[in-house]
J.: 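Below is the structure I would like to discuss, written out as structure tokens.
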Amino acid sequence: MASARFLFRIALAAIFFGAVFVLGAMFIPASGQIAYMRTSSASTSVVALTPYAGEKELALEKLPLVVSHVETPEKVKAIYMTSWVASDRKWRAQLVRFIEESEINSVVIDIKDYAGEIVYPVETKELAAFGSEGVRVPDMKEFVADLHARDIYVIGRVAVFQDALMVKKKPEWAVLRSSDGGVWRDRKGISWLDPGNSEVWRYAALIGKDAYAIGFDEINYDYIRYPSDGNMQDIAYPFAKGRKKTEVMHDFYAYLAKVFGSERSKIPISADLFGMTTTNTDDLNIGQLLENALPYFDYIAPMVYPSHYPPNFNGWKNPNTVPGEIVKFSMSRAVARANIFEAKEAGFIASTSTPAYVPSGKYAKKLRPWLQDFDYGGDYGEAEVRAQIAGTYASGLDSWMIWDPANRYTRSAYERE
């Protein structure tokens with residue numbers, strides 16, 4: 001996620017440097033107060049799942065619940081841990097101690113990163129048959145159990161469509177060059193799986209279910225989008241030919257909800273989205289729309305890193321100098337849009353009249369931003385991290401996750417337990 005996150009700023013600046021990021025005043029007033037009026041008939045924004053013609057049933061192997069799980073905290077406060085750190089007993093122990101001594105109560109650990117290797121010994125034969133194990137953390141199951149014993153909520157991160165290993169194994173699943181049909185690669189030379197391939201969806205679900213079976217409490221899906229950099233003039237998506245990117249991603253989201261909603265009672269799943277999905281009403285040319293994700297995931301994590309916003313965003317010459325304001329502005333917009341989505345689903349529209357409908361916040365409560373604790377575009381220390389957390393709270397939200405690809409967190413930025 002880190003590499004694409006760093007490219008995010010460049011891609012967005014190129015797509016929408018002075019972008020359309022402020023929603024119309026009639027929908028989201030500057031005050032943030034929205035009134036609703038009843039429509040003549042209910043008109044939900046939730047689009048029905050539209051499977052591909054001839055798509056076979058993507059049934060998954062049933063997994064027995066063989067481990068215990070920690071309930072999702074009411075207020076998730078998480079840090080990210082790479083699989084490399086998780087494989088180092090001494091380093092991971094230091095982070096666990098940091099979690100226990102601070103306000104942090106959750107940890108996000110890589111299950112499969114952009115390289116494509118599954119980092120622990122898989123449980124199911126069906127998943128093992130893909131041969132994508134690259135066991136960096138042989139004792140992952142025991143490590144997760146130890147975290148549970150400390151009442152730490154464990155989230156497993158899966159990078160979906162950016163997957164160099166699976167492209168090598170199944171090049172027919174890849175994003176291709178339109179010029180000669182060869183495997184397309186982004187500016188960093190990384191290959192991608194075609195987002196329209198339902199077999200890739202199934203593979204992503206298999207990984208999530210296997211991870212849940214060894215103890216992960218929530219499955220976090222990242223890179224659930226189309227590529228955003230590289231030679232975009234020479235790119236082809238054979239499995240999604242003729243379909244809008246937003247439609248393809250919507251159907252993938254709906255597929256995951258169907259798969260995980262029917263397993264046992266329910267397996268919590270979350271989605272990482274580009275930060276500007278909170279403020280842009282287009283799909284940023286990557287297929288991501290906030291409203292398309294809201295009904296299908298238990299939690300939505302916009303990556304609102306201040307360093308990834310273009311200069312002059314919302315009038316701020318350098319977004320790095322106003323980290324708290326960036327987060328507050330972006331997540332306030334996300335909350336407002338989530339409430340509008342809820343109102344429309346109930347058959348109401350935005351109005352300047354006295355509110356006839358008061359959103360319950362069922363969709364807004366799903367929002368849980370990724371915040372920045374790494375130096376990029378500026379120095380991020382205690383003040384900058386705390387400002388982002390305060391910005392999250394100011395938007396009406398109470399959960400957040402912190403990203404630092406080096407896992408060297410600014411310890412003083414977090415309240416002590």
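What you see is a predicted model; the values in this text were computed from it and never measured.
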J.: Would you compute the distance between atom OG1 of T124 and atom CZ of F130 and round it to the nearest 0.5 angstrom?
T.: 9.5 Å
J.: So do the side chains of S399 and K77 get within less than 4.5 Å of each other, counting heavy atoms only?
T.: no
J.: Decide salt bridge (charged side-chain N to carboxylate O under 4.0 Å, His left out) for E123 and K141; before the verdict, give the C-alpha distance in whole Å, the side-chain angles of both, and the deciding distance to 0.1 Å.
T.: CA-CA 10 Å; E123 294 276 300; K141 190 172 185 178; 3.7 Å; yes
J.: Would E342 and K362 pass as an ion pair if we require N to O under 4.0 Å?
T.: no
J.: Looking only at non-hydrogen atoms, find the nearest pair between P195 and V175 and report the distance.
T.: CD-CG2, 4.3 Å
J.: I'd like to know whether I155 forms a side chain to side chain contact (heavy atoms under 4.5 Å, CB included) with I109, so could you lay out the CA-CA distance, the side-chain angles of the two residues, the decisive distance to 0.1 Å, and finally the verdict.
T.: CA-CA 6 Å; I155 304 169; I109 304 174; over 6 Å; no
J.: Test side chain to side chain contact (heavy atoms under 4.5 Å, CB included) on Y203 and S132; report intermediate values, then the result.
T.: CA-CA 11 Å; Y203 178 58; S132 50; 2.7 Å; yes
J.: Who are the ring-ring contact (aromatic ring centres under 6.0 Å, His included) partners of Y380, not counting sequence neighbours?
T.: none
J.: With side-chain hydrogen bond (donor to acceptor under 3.5 Å, both in side chains) as the test, would you mind laying out the steps for D210 and Y120 before giving the verdict?
T.: CA-CA 10 Å; D210 191 85; Y120 66 88; 2.7 Å; yes
J.: For the residue pair Y237 and Y226, is the inter-centroid distance of their aromatic rings smaller than 6.0 Å?
T.: yes
J.: Any ion pair linking D251 and R243 (charged N to carboxylate O, less than 4.0 Å)?
T.: yes
J.: Has the side chain of D186 got a donor or acceptor atom that lies under 3.5 Å from a matching backbone atom of I190?
T.: yes
J.: Test R157 against every option in N220, T82, D222 by the side-chain hydrogen bond (donor to acceptor under 3.5 Å, both in side chains) rule and name the one that passes.
T.: D222
J.: Would you call E415 and S102 a side-chain contact if the rule is heavy atoms closer than 4.5 Å?
T.: no
J.: May I ask you to decide if G315's main-chain N or O and N312's side chain share a donor-acceptor pair within less than 3.5 Å?
T.: no
J.: Would you say the ring centers of F216 and H69 fall short of 6.0 Å from each other?
T.: no
J.: For the side chain of D234 and the backbone of R177, is there at least one donor-acceptor N/O pair under 3.5 Å apart?
T.: no
J.: Does the side chain of L371 reach to within under 4.5 Å of the side chain of V385, using non-hydrogen atoms?
T.: no
J.: Hey, can you tell me if W370 and Y80 have their rings parallel, tilted or perpendicular (30° and 60° cut-offs)?
T.: perpendicular
J.: Kindly indicate whether the side chain of L256, heavy atoms from C-beta on, has any atom under 4.5 Å from the side chain of W201.
T.: no
J.: Could you tell me whether the side chain of D373 and the main chain of T410 form a donor-acceptor pair under 3.5 Å?
T.: yes
J.: Which pair of non-hydrogen atoms, one from V107 and one from I152, has the smallest distance, and what is that distance?
T.: CG1-CG2, 4.0 Å
J.: To check you understand the geometry: which heavy-atom pair defines the closest contact between L127 and V122, and what is its length?
T.: CD2-CG1, 3.8 Å
J.: Mind checking the CG-CD spacing from D375 to E384? Nearest 0.5 Å is all I need.
T.: 8.5 Å
J.: So does D282 get a backbone contact from the side chain of N280, meaning a donor-acceptor N/O pair under 3.5 Å?
T.: no
J.: Would you compute the distance between atom CE of M276 and atom CZ of R333 and round it to the nearest 0.5 angstrom?
T.: 12.5 Å
J.: Take F313 and T279 through the test side chain to side chain contact (heavy atoms under 4.5 Å, CB included) and record every step on the way to the result.
T.: CA-CA 11 Å; F313 175 79; T279 51; 4.0 Å; yes
J.: Please say whether more than 12 non-hydrogen atoms of neighbouring residues, nucleotides or ligands are located less than 6.0 Å from CG in D151.
T.: no
J.: Does some side-chain heavy atom of P238 sit less than 4.5 Å from a side-chain heavy atom of L176?
T.: yes
J.: Going by an N to O cut-off under 4.0 Å, is there a salt bridge joining R386 and E103?
T.: yes
J.: Taking S330 for the side chain and V327 for the main chain, is one N or O donor matched with an acceptor at less than 3.5 Å?
T.: no
J.: Taking 4.0 angstrom as the limit, do K112 and E117 come out as a salt bridge?
T.: no
J.: Are the side chain of Q288 and the backbone N or O of L284 linked by a donor-acceptor pair below 3.5 Å?
T.: no
J.: Evaluate side-chain hydrogen bond (donor to acceptor under 3.5 Å, both in side chains) for S83 paired with R136, printing each intermediate quantity in order.
T.: CA-CA 7 Å; S83 58; R136 299 174 197 164; 2.6 Å; yes
J.: Answer yes or no: is there a donor N or O on one side and an acceptor on the other, between the side chain of S332 and the main chain of F329, under 3.5 Å?
T.: no
J.: Flag the pair F374 / P405 as yes when at least one side-chain heavy-atom distance between them is below 4.5 Å, and no otherwise.
T.: yes
J.: To check you understand the geometry: which heavy-atom pair defines the closest contact between N105 and P73, and what is its length?
T.: ND2-CB, 3.8 Å
J.: So which heavy atom on A338 is nearest to which on L294, and how close?
T.: CA-CD1, 3.9 Å
J.: Which heavy-atom pair separates P310 from P319 by the least distance, and what is that distance?
T.: O-CG, 3.5 Å
J.: In this structure, are over 12 heavy atoms from other groups packed under 6.0 Å from K328 atom NZ?
T.: no
J.: For E218, is there an ion pair with K266 - N to carboxylate O distance below 4.0 angstrom?
T.: no
J.: Taking the side chain as every heavy atom from C-beta outward, state whether I300 and P302 have any atom pair closer than 4.5 Å.
T.: yes
J.: Nearest 0.5 Å please: distance from the CZ atom of F274 over to the OG atom of S228.
T.: 4.0 Å
J.: Near W84 CH2, under 6.0 Å, is it more than 12 heavy atoms from other residues, nucleotides or ligands?
T.: no
J.: Looking at S270, is its backbone amide N or carbonyl O close enough to the side chain of D298 to form a donor-acceptor pair, meaning the two atoms are under 3.5 Å apart?
T.: no
J.: For a side-chain hydrogen bond (donor to acceptor under 3.5 Å, both in side chains) check, start with the C-alpha distance between S307 and N320, then their side-chain angles and the critical distance, and finish with the verdict.
T.: CA-CA 5 Å; S307 63; N320 281 294; 4.5 Å; no
J.: Less than 4.5 Å apart, side chain to side chain, heavy atoms only: is that true for V70 and V154?
T.: no
J.: W316 vs I326, test: side chain to side chain contact (heavy atoms under 4.5 Å, CB included). Steps then yes/no.
T.: CA-CA 9 Å; W316 289 303; I326 286 284; 3.5 Å; yes
J.: Got a salt bridge between K168 and D163, using NZ or NE/NH1/NH2 to carboxylate O under 4.0 Å?
T.: no
J.: Can the positive tip of R411 be found less than 6.0 Å from the middle of the six-membered ring of F98, inside 45° of the ring normal?
T.: yes
J.: Can we say R92 and D139 salt-bridge, meaning some charged N sits less than 4.0 Å from an Asp/Glu carboxylate O?
T.: yes
J.: Check D146 with R150, please: is the shortest side-chain N to carboxylate O separation under 4.0 Å?
T.: yes
J.: With sequence neighbours left out, which residue pairs that include part of residues 138-175 fulfil the ring pair (Phe, Tyr, Trp, His ring centres under 6.0 Å) condition?
T.: F161-F252
J.: For Y223 and W192, I'd like to know if the aromatic rings sit close, meaning centre-to-centre distance below 6.0 Å.
T.: yes
J.: Assign the ring pair H308 / Y305 to parallel, tilted or perpendicular, where the plane angle (0 to 90°) is split at 30° and 60°.
T.: perpendicular
J.: Are F297 and Y253, when compared by the centres of their aromatic rings, separated by less than 6.0 Å?
T.: yes
